[in-house]
Amino acid sequence: MTERKIKLGVIPYGVGGPGSYELWRDPEIPGDASVDIDWFARVAREAEDARFDLVFIVDSQFITPSSPPHYLNRLEPLTLLSALSATTTHLGLVGTATTSFNSPFNLARRFASLDLISRGRAGWNVVTSGDPGAAGNFGLEEHFDYATRYGRAQEYVDLLRGLWDSYEDDAFVRDRESGVFLDETKQHPLHHEGEYFKVAGPLNISRSPQGQPVVFQAGDSDAGRDLGARIGEGIFTFAPSVQAGQAFYEDLKGRARRLGRRDEDVVVMPGITTVVADTDAEARELEQHYRETDHGFDHSLSDMSRSFGWYDFRAHDLDAPFPAEALKHAERSFFTQAQKVTQLAQEQGLTLRETVLASRRRPTGEFVGSAATVADLLQEWFETRAADGFNIDYSHPATFRRFTQEVVPILQERGLFRVEYEADTLRGNLGLSVPENRHTAARREAERPAEDAV
């Protein structure tokens with residue numbers, strides 16, 4: 001078994017995502033960064049130069065005038081990642097795509113294409129879409145309820161994995177002398193007929209050097225954790241403390257173990273925000289400056305409103321008790337987060353204004369300080385099994401630059417992070433095995449001598 005190493009990803013938010021509405025005012029960030037391929041390419045190369053595992057492109061299907069700047073005008077993930085594949089050689093390319101509003105066959109083909117274009121570096125972040133308004137953009141009267149969303153997602157992933165195995169790895173003979181291009185016995189229709197989808201197959205594209213795209217998942221509810229334990233190879237999460245991270249890590253991997261999976265089959269990577277300066281005190285001052293700049297009250301109210309299905313909290317008195325009735329509007333939205341906010345307000349008797357202030361997004365795990373301090377914190381989380389790696393918010397360019405140039409070398413010196421890439425594929429660098437084609441496995445099993453099968 002290879003020595004365990006920290007895994008690192010970067011999440012570029014362009015001109016500013018949730019909690020960073022004023023990021024676009026940073027003079028190092030182009031005003032059109034979220035649609036500037038050259039800007040994304042620079043970020044990706046910076047991450048690859050530091051030997052990061054992946055770049056993660058988030059997405060959503062619905063906006064309002066109050067949405068964060070990056071959400072208002074941004075590139076579609078798979079199109080963007082295909083362009084980035086031409087400017088990188090080892091960096092994993094992970095994009096969000098919803099199971100609620102994509103045709104399974106079409107999405108399977110798009111991710112398989114990205115996987116071949118990048119020679120085995122594609123990853124899919126599976127989401128069910130929490131914005132109920134997105135339903136109207138896809139011809140639906142209302143969004144799917146919670147149970148339906150997760151039921152569809154589980155079947156959807158199984159379906160795509162079946163399509164990705166349409167061709168065995170040696171199906172294409174391409175023998176000019178014999179005139180045989182395809183071994184037809186190694187092309188396999190799917191004939192999927194499930195509760196939510198019906199797809200015949202086969203998919204008209206072969207497997208990549210890593211077999212299939214790596215499947216990532218993010219979900220904190222019981223249903224989300226069950227889904228992640230069952231289908232997730234990478235888990236994106238959020239934890240406010242090392243203790244919370246340890247609890248999530250053990251719970252998620254425990255669920256996976258009960259399904260017959262090994263701990264190393266699932267890579268847990270919480271998202272974090274880092275602030276690095278010469279001293280801890282200077283870093284705290286810089287963090288406070290960013291907080292005051294990026295976390296205005298109106299923006300925080302908008303962020304909270306999204307969790308409640310864009311409920312209009314402005315209809316209420318800010319200094320009156322938090323309106324608990326808002327929770328019912330979150331039933332087809334980000335219900336777990338809305339439930340946590342409501343519970344906090346009720347337990348502490350908070351007003352609406354106090355609830356907004358209390359729910360403001362903060363740097364995860366307090367990764368703020370000198371390079372050595374931040375490295376110490378990353379090491380603590382990693383060695384105490386609160387994480388296998390981390391997704392770093394690419395917020396202010398100077399902050400990320402200090403992370404790659406000062407924190408990463410410390411981790412390398414301590415033997416916690418790679419100096420060179422171990423592999424050419426995303427699976428290889430994450431330490432994940434290549435899934436054997438199911439039809440090849442079945443064929444091999446069928447051909448085993450009877451005495452070996454006992």
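None of these values were measured; they are calculated from a predicted model.
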Is it true that Phe248 and Phe238 have ring centroids separated by less than 6.0 Å? no

A side-chain contact here means heavy atoms from C-beta on lying under 4.5 Å apart; do Tyr311 and Met304 qualify? no

Note: Asp115-Arg110 ion pair, threshold 4.0 Å (strictly below): no

Is it true that Arg230 and Asp158 have a side-chain N and a carboxylate O under 4.0 angstrom from each other? yes

Please check this pair: side chain of Arg207 against backbone of Asp165, looking for a donor-acceptor N/O pair closer than 3.5 Å. no

Quick one: do the Ser85 and Ser118 side chains pair a donor with an acceptor below 3.5 Å? no

Strictly under 6.0 Å, is that where the ring centroids of Phe197 and His192 end up? no

State, to 0.1 Å, how close Arg427 and Ser433 come at their nearest heavy-atom pair, and which atoms those are. NH1-O, 3.2 Å

From the list Arg261, Arg161, Arg262, salt bridge (Lys or Arg N to Asp or Glu O under 4.0 Å) partner of Glu233 resolves to Arg161

Under 6.0 Å between the ring centres of Phe400 and Phe52? yes

Tell me, with the steps shown, if Arg121 and Thr88 meet side chain to side chain donor-acceptor pair (under 3.5 Å). CA-CA 10 Å; Arg121 294 187 283 135; Thr88 56; 2.8 Å; yes

Heavy atoms of Val276 and Ser370 approach each other most closely as CG1-C, 4.2 Å

Strictly under 6.0 Å, is that where the ring centroids of Tyr394 and Tyr13 end up? no

